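What follows is one structure encoded as structure tokens, with my remarks underneath.
It should be emphasised that the depicted structure is a prediction, and the values quoted were computed from it without experimental measurement.
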Amino acid sequence: MTTDSLGMREMQQRVFEKRDAQRLLVKAPPASGKSRALMFVALDKLYYQGRKKVIVAVPERSIGASFAPTELTKFGFFADWEIQEKHNLCDPGSSQGKVGAFIDFLNDPTSVTLVCTHATLRFAFEKLAPDAFNGTVLAIDEFHHVSADTESSRLGALLRDVMNGSDVHIVAMTGSYFRGDSVPVLSADDEAKFTPVTFNYYDQLNGYQYLKSLGIGHHFYQGRYFEAIGEVFDLDKKTIIHIPSVNSGESTKDKIEEVGRIFDVIGEVVHTDPVTGIHDVRRSDNGEILRVADLVDDTDQAKRAKTLHYLSTVASKNRDAVDAIIALGMAKEGFDWPFAEHALTVGYRASLTEVIQIIGRVTRDSPGKSHAQFTNLIAEPDASQDEVKVSVNNMLKAITASLLMEQVLAQNFTFKTKRPGDDSPSEPGQLKIKGFKEPSTERVKQIVETDLNDLKATILQDDTFAKAAVGSLDAEQANKVLIPKIIRERYPDLTETEVEELRQQVVVDSVTKNGEIQTVGDKRFVKMAERFVNIDELNINLIDSVNPFQRAFEVLSKSVTPSVLRIVQDSITSTRVEVTEEEALAAWPKIQQWAKLNGRPDVRSENPIEKRYAEILLFLQRKKQQKAAAQQAAKMVDEA
């Protein structure tokens, strides 16, 4: 990976350019170099910005190793990152028991840098007044662990107290593009106080020397997952398998037996190293030995600790040290195995943040690794089971989460309004669109630049929208009714003009990232709704006619059998999407047009758009009846 004269990668350069900001929010993928970016910024604040101390907080002790002493001067920087052993509070021991050492650090004028856990920081916040943090730099790694929900995240509430009661400088870093899924990390007002720096997967892969592509895929199974896992477990690739939680429907509730069945898929265990706990498994297909680490079995904590130590010290540097890792809750956030090529995850993961962290385990650059893959092994719904609705919902959410990741991975474009008479060629990475409304305020620009993926996550996680997308909802209803509704709920401070500008940005960005761009001669075409459109002829009305997340239905219909697809559609029908007055009013002209051409829409139609129109008609009829009944009641009252 290329670096500049100070030893910085591209992402680190972007962060360093904003080093004077009092509050920095860095969103960058796992393995992009956030820990070193913090070191550069923190040292500049110590040497040139009058800060006296730097405190780094990490969610768990093992991640503290990312902030160990690091030589930076030999690569061109002006100082090295140093941590005294007594100020590494990520060593064994309780988090609360280290608060004394934390306070001693603050009171010692000769102590400069400290690393601790989020828990220790939280306990210290409770013991100290906010102004105790005057003159400090507070760096919070894996910032998505903080939450705007004060009941579930005491750290978030305490952090706000320190922000408001001291001159603290904050560097917040996260490898997730999603701010804690359903609950935001920061309130809108608090986040507006931060200077954002965003670096995406597309940028990261372009800067790598070896790894050039990342695939996102699904595989559906019936029965028990370990009977199907061999269909997607490529024994020739370095693989991390995450088995499902024992509380999930995919689990047999016997995690040890499940690991044994995965060993059976590989072959026969012929030896277990008593020092490292690594299992030698003879492959049944070619007789070769695979070295497998089992991080699921926690009956012997000392043995598992040895295995973890081996993975972090030997396997992280030696490609031949291990071939596969089987885990449950481990080997996710902060876990470093640069040779990993395939993340195979069993079962639906409710948290987009967790998906990001799992994918991050395979996106480190490594010799001999040109492609990395994330595969989600998902149970197909079975009509004979009582939990069919839960299974369908899990399937839909897993697909939409993966589609969202595809959006994150795609190239970013900037969009401009194409004005009459403008025949000039677009700049690289730019698309001109007739009728497109560019962001007119700093607020909308800030959301577009730093929060667009979060907004897409909110849209796709909305139950109404997820079912509507897979049920082939009319594109303009999705784009002009559902999406603006979600935008208003998420950003209640926006004006209607700002909502429309943001709506167009979401739709245009999503449609173009779903589309395939091809160059023919001197013209470029983008594939939208199964047809190619000349990029020079793009207009907002054409784009609004495309459901930006319709690919969810395409993925599903190509990945499962017709009988399973029918189960999914029946399940969606049985929990019909609610109709809002806004949607009904927007759809009414189309329903009238439909009726002129085809007759009255039939609620039993197999055409999902006709079916939806019929449901809206029924809704309008009920509203009309309710209004008439209310008027009649009022008349009776007046006459009485």
Side-chain angles (χ1 to χ4, degrees), residues 59-62 144-145 152 180-182 218-233 239-266 269 272 277-279 281 292-308 311 324-335 337 340 342-362 374-382 384-399 401-402:
E60 58 183 62
R61 294 201 315 247
S62 62
H144 50 271
H145 284 263
S152 64
D181 298 323
S182 59
H218 318 84
H219 188 82
F220 300 99
Y221 72 90
Q222 292 183 334
R224 295 298 187 185
Y225 77 83
F226 44 71
E227 295 168 350
I229 200 168
E231 298 171 15
V232 285
F233 185 5
T239 303
I240 301 178
I241 298 175
H242 281 104
I243 69 171
S245 162
V246 293
N247 297 319
S248 69
E250 295 88 351
S251 174
T252 66
K253 316 308 177 189
D254 187 343
K255 61 185 181 180
I256 305 301
E257 175 65 18
E258 291 175 29
V259 172
R261 296 296 293 266
I262 295 173
F263 278 130
D264 292 343
V265 170
I266 301 171
V269 178
T272 300
I278 300 296
H279 303 280
V281 187
V292 182
D294 173 10
L295 298 181
V296 176
D297 188 351
D298 54 1
T299 54
D300 187 339
Q301 291 286 345
K303 178 182 176 182
R304 186 161 73 166
K306 291 178 181 178
T307 302
L308 282 168
L311 292 176
I325 297 172
I326 305 173
L328 200 161
M330 307 188 78
K332 295 178 185 177
E333 190 172 80
F335 184 81
W337 184 31
H342 189 192
L344 175 51
T345 300
V346 182
Y348 161 66
R349 295 303 193 263
S351 166
L352 290 168
T353 298
E354 183 178 0
V355 173
I356 281 274
Q357 291 296 338
I358 290 172
I359 292 173
R361 299 317 103 211
V362 297
F374 168 72
T375 302
N376 200 177
L377 188 60
I378 308 167
E380 289 185 352
D382 184 342
S384 66
Q385 295 176 350
D386 294 336
E387 300 297 319
V388 63
K389 290 182 181 179
V390 173
S391 183
V392 167
N393 285 339
N394 287 349
M395 172 184 275
L396 298 184
K397 288 178 180 178
I399 290 172
S402 295

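The two residues Val232 and His219 come nearest to each other via the heavy atoms CG1-CG, 3.4 Å. A pairwise comparison of heavy atoms in Val296 and Leu328 identifies CG2-N, 3.8 Å as the closest pair. Nearest approach of Val265 to Gly230, heavy atoms of both residues: CG1-CA, 3.8 Å. Closest of all the heavy-atom pairs between Ala379 and Tyr221 is N-CE2, 3.3 Å. Arg304 and Leu295 get closest at one heavy-atom pair: NH1-O, 2.9 Å.
Counting only N and O atoms by type, the side chains of Asp297 and Thr299 include a donor and acceptor under 3.5 Å apart.
A search for side chain to side chain contact (heavy atoms under 4.5 Å, CB included) contacts involving Arg261 returns Phe226, Glu227, Glu257, Asp264, not counting sequence neighbours. Contacts of Ala293 classified as side chain to side chain contact (heavy atoms under 4.5 Å, CB included), with partners at least two apart in sequence or in another chain: Ile278, Thr307, Leu311, Val322, Ile325.
Ile243 contributes atom CD1, which lies 5.0 Å from atom CD of Glu258 (distance to the nearest 0.5 angstrom). A distance of 3.0 Å separates NE2 in His342 from OG1 in Thr375, rounded to the nearest 0.5 Å. Note that NZ of Lys255 and CG of Asp298 are 3.5 Å apart. Values are rounded to the nearest 0.5 Å.
Using a 4.5 Å cut-off on side-chain heavy atoms (C-beta onward), Ile358 and Phe374 make contact. Using a 4.5 Å cut-off on side-chain heavy atoms (C-beta onward), Lys303 and Asp294 make no contact.
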### Task
Show the numbers, then the answer: is there a side chain to side chain contact (heavy atoms under 4.5 Å, CB included) between Ile262 and Val292?
CA-CA 11 Å; Ile262 295 173; Val292 182; over 6 Å; no
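Ring geometry, Phe220 versus His218: the interplanar angle falls under 30°, so the pair is classed parallel (tilted spans 30 to 60°).
Note on Lys306 versus Asp300: no salt bridge recorded, every NZ/NE/NH1/NH2 to OD/OE distance being 4.0 Å or above.
Proximity of a side-chain donor or acceptor of Ser251 to a complementary backbone N or O of Ser248 within less than 3.5 Å is not detected. The main-chain N or O of Leu344 is never found under 3.5 Å from a side-chain atom of Asn376 such that the two would form a donor-acceptor pair.
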